[in-house]
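Structure, as structure tokens:
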There are 2 protein chains.
Amino acid sequence: MTTTTPSRRSATVAAIKATARRLLRSGGPAAISLRAIAREMGMTAPAIYRYFPGLDALVVDLTGDLFAELRDAVDRPGDDDPLVRLAEMGRRFRRWALANPGEFALAFGSPVPGVTQFDRHCLELTDGGARFGEVFLDTIAAVYAVHPPPPMPANLGDPGFLAALQPYRDAHGDRFPLPVVSAFLIGWTRLYGLVAIEVFGHLRWAVTDVEPLFEAELSRTITGMTGGA
Amino acid sequence: MTTTTPSRRSATVAAIKATARRLLRSGGPAAISLRAIAREMGMTAPAIYRYFPGLDALVVDLTGDLFAELRDAVDRPGDDDPLVRLAEMGRRFRRWALANPGEFALAFGSPVPGVTQFDRHCLELTDGGARFGEVFLDTIAAVYAVHPPPPMPANLGDPGFLAALQPYRDAHGDRFPLPVVSAFLIGWTRLYGLVAIEVFGHLRWAVTDVEPLFEAELSRTITGMTGGA
DNA sequence: TTGCTGAAGTTAACGGTGTTCACCGGGGCG
DNA sequence: CGCCCCGGTGAACACCGTTAACTTCAGCAA
């Protein structure tokens, strides 16, 4: 058990991830390569295997950090009306994604590369996704502590849907009532769609500035959470 | 001008794309490589350069085909109520995406690889995206020929938003009235979000079966197109 | 028939990638 | 002192895109 300084190892790990992050910022996810990282650090690529079992593991680890960073960037504890806070969280999410497109692509883009890492990827990042969703779930719960929840949409009260919620239940138990979960799923899906379609440029054939659409859809979603249709 | 059989060349082009498609189906977008294609065809990789200027061009070409195929898979000419037809188109889109995740990732996933091909990619596929959106625009126009359009959401009547619609206008002119465009943008964004989040597995931490959520959001969106909030 | 031309494919090579293996230097501990 | 093992190197293998030079061969013209 030669501990040396245990901080030395973790410092190198942090340096590796910082270098990977820099490559991600400048060249997108595909620019992250072990050899490029090692080159920038004045090392050789095999040395990184002392710290990570492979490139995939490094990327997954980095992505986990991104979820935490994004959670901090989005979370906005305050004593405002939770509805206002929720809207502001949506805007902060969009702002972070637009400012960090490569990071967004890593965390929320298309995985599907090799079927091999696909499962491992998802399993290890389940925690990140769940903890990220928690921030929104908390705020929506705060909303429904003030405003009455709207009537549940059809299909979302079925026992089949309740059974489909098993993964969520494993992560969060019964901490949130069903209307909160339902509102979260709808709101998060819309927010994801708006931001992903903008960051990935899939609406560039139609519109140059997505912000008006975003604001319209955001306010429509927020107001829909309290009794609207 | 030794034409030989001009069909021979186009047959080889088709064979190359078919092989690429097969690799895409079995191993995702990252599995498409010139060497693998050539290997499966009993050729060598440089031979493919007689037909495509490079891997990127091949992938872009293939993606263009996917847009056309998807348009055919989604389009449902019929004399039903256009609202019913629109809902069925949404379901067909989801079904196609779930059955062809790799293809969906190629057409609607995160680009962002190298900044180089990014622009070229988008420019060449603008046409595909626009022609694909056309199918939905047509149907929504048919909807509003029968049902009255809902009140325009805030922000989407601003002159700023009208100016932002320039790319759309370049592609489609003034063929569709503003409420049609507005309803399309909202509906398409929601549909994209629902399907992408499911295909990419970003909701697997919460839910095993997205279908109830999809159906709830779909019907909410469809009904919202005719006077609902 | 001969000869040219151009399309289609090959081999070899360069630089890039992840990953594995054998090796080695040096610091902490028994 | 001697051992061990952590962190690093170098070489190698297999894969990738891409380029250049070369061959092969069908088809047309003189």
Side-chain angles (χ1 to χ4, degrees), chain A residues 1-17 19-20 22-24 26-63 106 111 113-118 120-121, chain B residues 1-17 19-20 22-24 26-63 106 111 113-118 120-121:
Chain A
M1 268 232 284
T2 64
T3 48
T4 58
T5 46
S7 71
R8 161 131 168 66
R9 181 175 176 84
S10 65
T12 308
V13 168
I16 291 173
K17 292 205 281 188
T19 309
R22 194 150 18 95
L23 290 169
L24 173 63
S26 64
I32 305 180
S33 80
L34 291 182
R35 296 190 120 109
I37 294 171
R39 204 180 304 131
E40 292 225 349
M41 293 181 67
M43 298 198 315
T44 59
I48 302 183
Y49 283 81
R50 301 288 171 192
Y51 303 92
F52 295 94
L55 176 63
D56 288 359
L58 199 171
V59 172
V60 169
D61 194 321
L62 179 63
T63 307
L106 218 52
V115 188
T116 54
Q117 82 187 63
F118 188 68
R120 179 175 297 270
H121 206 87
Chain B
M1 265 239 278
T2 63
T3 49
T4 59
T5 46
S7 72
R8 161 135 167 64
R9 181 175 177 84
S10 65
T12 307
V13 168
I16 291 173
K17 293 205 279 188
T19 309
R22 194 151 18 94
L23 291 168
L24 172 63
S26 63
I32 305 178
S33 80
L34 292 182
R35 295 190 120 109
I37 294 171
R39 204 180 305 130
E40 292 225 349
M41 293 180 68
M43 298 198 316
T44 58
I48 301 183
Y49 282 81
R50 299 286 171 193
Y51 303 92
F52 295 93
L55 176 64
D56 289 359
L58 198 171
V59 172
V60 170
D61 194 321
L62 180 63
T63 307
L106 217 52
V115 188
T116 53
Q117 82 187 62
F118 188 67
R120 177 175 297 269
H121 205 87

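All chains are named by letter (A, B, ...) in the order of the sequence lines, taking the proteins before the strands, and each is independently numbered beginning at 1.
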*Taking the side chain as every heavy atom from C-beta outward, state whether A:Y49 and A:L34 have any atom pair closer than 4.5 Å.*
yes

*Provide, to the nearest angstrom, the distance between the CD1 atom belonging to A:I32 and the P atom belonging to C:dG16.*
19 Å

Below 3.5 Å between N/O atoms, which protein atoms pair up with nucleotides 12-14 of chain D? Just atom names and distances, please.
none

*Given atom CZ of B:F52 and atom P of D:dG17, what is their separation to the nearest angstrom?*
14 Å

*Considering all heavy atoms, the nearest B:L106-B:P29 contact*: CD1-CB, 3.7 Å

*Please report, rounded to the nearest Å, how far the P atom of C:dG18 is from the CD1 atom of A:I37.*
8 Å

_If you define the side chain from C-beta out and look only at heavy atoms, does anything of A:Y51 sit under 4.5 Å from A:K17?_
no

*Between C1' of C:dG16 and CG of B:L34, the distance in whole Å*: 15 Å

*Within this structure, what is the CG-to-C1' distance between B:D56 and D:dG17, rounded to whole angstrom?*
9 Å

_Nearest 0.5 Å, please: how far is CG in A:L23 from CD1 in A:I32?_
7.0 Å

_Whether A:R39 contacts C:dG15 is assessed here as follows: a side-chain N or O lying under 4.0 Å from the phosphate OP1 or OP2. Is that the case?_
no

_Return the CD1 to CG distance between A:I37 and A:L55, rounded to the nearest 0.5 Å._
7.0 Å

*Would you check if B:V13 and B:D61 make a side-chain contact, meaning some heavy-atom pair closer than 4.5 Å?*
no

*asked:* Does anything in residues 41-50 of chain B come within less than 4.0 Å of DNA chain C? Heavy atoms only, and list the residues if so.
replied: B:G42, B:M43, B:T44, B:P46, B:A47, B:R50

*Looking at the side chain of B:R9, which of C:dT19, C:dG16, C:dA8 is the nearest nucleotide?*
C:dA8

*Minimum-distance pair of heavy atoms, taken over all atoms of B:T44 and B:A38*: C-CB, 3.4 Å

*If you measure from CE on B:M43 to OG1 on B:T12, what distance do you get to the nearest 0.5 Å?*
7.5 Å

*What pairs meet the salt bridge (Lys or Arg N to Asp or Glu O under 4.0 Å) rule with one or both residues in residues 37-48 of chain B, with sequence neighbours excluded?*
B:R22-B:E40

*Which nucleotide in the list D:dC15, C:dA8, C:dG16 gets nearest to the side chain of B:Y51?*
C:dA8

_Atom pair distance, as rounded to whole Å: CZ in A:R8 and P in C:dG27_ = 11 Å

